2 protein chains.
Amino acid sequence: MVATGEATDDGSARPLRADAERNRRHILDVAAEVFAERGLAATLNDVAHRAGIGVGTVYRRFPDKDALVEALWERKFVVLLEVAEHAAASPTGADAVRSFVCAAAEARARDRGLVEVLARAPSDRTARQRARLHAMVDEMVVRAQREGAIRPDVVAADVPLLVVMVAAVADCARDVAPDLWRRYTELLLDGLRPGPGTTELSGPPLEPGELGSVLQRRPA
Amino acid sequence: MVATGEATDDGSARPLRADAERNRRHILDVAAEVFAERGLAATLNDVAHRAGIGVGTVYRRFPDKDALVEALWERKFVVLLEVAEHAAASPTGADAVRSFVCAAAEARARDRGLVEVLARAPSDRTARQRARLHAMVDEMVVRAQREGAIRPDVVAADVPLLVVMVAAVADCARDVAPDLWRRYTELLLDGLRPGPGTTELSGPPLEPGELGSVLQRRPA
DNA sequence: GCGTAAGCGGATGCGAGGCATCCGCTTATT
DNA sequence: AATAAGCGGATGCCTCGCATCCGCTTACGC
């Protein structure tokens, strides 16, 4: 099999040499792995070392960390999209929402860099993709609300924040109790159900436009 | 008014000179403030600068950051104790739990260093104090459960984790929406109520003994 | 007042850690 | 075989936090 001629993401000038292209993919794979374990705090040197190749090789292919992260954006994002599509196929809106929140939380618990990566790269295209995902979630939420299965005062923009909350538990309990986050995800999901005993949420949710800047902040 | 003769926390050798003692208190005040804003990431140099005194002065009084943090432990802890006492006086167990969780979350939202400071200093005395607080919370939880007002599968050890979750939102939305954490605190509290629609929590909570190490981990 | 010990300030040195380059060697490609 | 492309990783630069050190100031006891 011959190289596809697709060196970089677009069909740019000259194709990479075979070994270079192989390395490029390898770097992406390893970077995804390293960022999953340690978040974006990991350095390109870490990635290179783990990949068993020289730092120079990494820096030649990706001028800096941002470039690498951007290249990673797509593959991290499709995970969520697929999760959303799977969830949207649920029989009820409530199931859809539950399924999505739970799967997104799980993805984030497993991948410490997920939110960080996705919140970066504010290009037009990524913005459009994010909007698309947001719309899907919104649809699930609205559907569930029409069924009366989740409280009327929550909103699609709440979902990422739920994930942030779960992520906090996942990160700090990772070593001691790797599955602890599930417990609190369930608690949160139960907080979404409507009915007697709920107190109207006191403040407004985040505007979708504010989400980006909020999610970028490292929770330190 | 003359110095009390209490130079350090215990009645050790010679009392500090008046200006030194004044500075010592000032350092503690300022440190509390700085850590509240920026967490334990703030440096002693930051503290000194903010206090308008030299770095040397800080380091003479507190050999390193740990010493300063330990000196701060008490005053941070009593805040929580008082909150707990106030909450415990609530008419119902449910109110007590709600009141405590909410007040603790608020304290943490306002004080970014709160959990970090409290989770440090693992001396006998602090351990005893923590145990005391834990017992109070436990009592509230049990009381609320006997009333049937909160679900039977939560436990006192869950409460700190709830605070951690809220803290994550508070920290990353701090600039954009300083009160956003309330929204999610309310959601969590609603997740605590019992009744139809709750799904039994799937995993065990943290053992109280594990809490310490989990809470120490910086959520990065 | 005055002598002196205690305190003060902050420039400074040290070390850690991340980022990115550079250049002599290797290898794919034609 | 010639050559351009790629490779490796030691290396230098820089930022940042921690803590010390020493010449000057100040409170305090007599």
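Letters A, B, ... are given to chains in the order of the sequence lines, protein chains preceding strands, and every chain is numbered from 1. This one's a predicted model, so the numbers in the text were calculated from it and none came from an experiment.
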Could you work out which one of [options] sits closest to the side chain of [X]?
{"X": "B:Tyr59", "options": "D:dA27, C:dC19, D:dA19", "result": "D:dA19"}
{"X": "A:Thr43", "options": "D:dC18, C:dA20, C:dG18", "result": "C:dG18"}
{"X": "B:Val55", "options": "C:dG10, D:dG6, C:dC19", "result": "C:dG10"}

Nucleotide [N], atom [atom2] - distance to [atom1] of [X] in whole Å:
{"X": "A:Asn23", "N": "C:dT26", "atom1": "CG", "atom2": "P", "result": "17 Å"}
{"X": "A:His26", "N": "D:dC7", "atom1": "NE2", "atom2": "P", "result": "13 Å"}
{"X": "B:Ile27", "N": "C:dG7", "atom1": "CD1", "atom2": "C1'", "result": "11 Å"}
{"X": "B:Glu21", "N": "D:dC28", "atom1": "CD", "atom2": "P", "result": "11 Å"}
{"X": "A:Asp19", "N": "D:dC7", "atom1": "CG", "atom2": "C1'", "result": "9 Å"}
{"X": "A:Asp64", "N": "C:dC19", "atom1": "CG", "atom2": "P", "result": "10 Å"}
{"X": "A:His49", "N": "C:dG17", "atom1": "NE2", "atom2": "P", "result": "15 Å"}
{"X": "B:Arg24", "N": "C:dC8", "atom1": "CZ", "atom2": "P", "result": "12 Å"}

Residues A:Glu74, A:Arg125: salt bridge by 4.0 Å N-O rule: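 Salt bridge flag = yes for A:Arg125 with A:Glu74.
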Atom pair CG/CG of B:Leu206 and B:Leu215 - distance to nearest 0.5 Å: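 These two atoms lie 8.0 Å from each other.
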CZ/B:Arg132: more than 12 non-hydrogen atoms of other groups inside 6.0 Å: no
Side-chain heavy-atom pair A:Val155, A:Asp138 within 4.5 angstrom cut-off: no
Which residue lies more 5' along DNA chain C, comparing A:Gly56 with A:Ala42 via nearest heavy atoms: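 Its nearest nucleotide being more 5', the pick is A:Ala42.
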Closer than 4.0 Å, any side-chain N/O of [X] to the OP1 or OP2 of [N]?
{"X": "B:Asn45", "N": "D:dC18", "value": "no"}
{"X": "B:Arg60", "N": "C:dC8", "value": "yes"}
{"X": "A:Thr57", "N": "D:dG6", "value": "no"}

Minimum-distance pair of heavy atoms, taken over all atoms of A:Arg183 and B:Val154: NH2-CA, 3.9 Å
B:Asp46 or B:Arg17, whichever maps to the more 5' nucleotide of DNA chain D: B:Asp46
Touch class at under 4.0 angstrom, heavy-atom based, for A:Arg61 against every strand present: sugar-phosphate
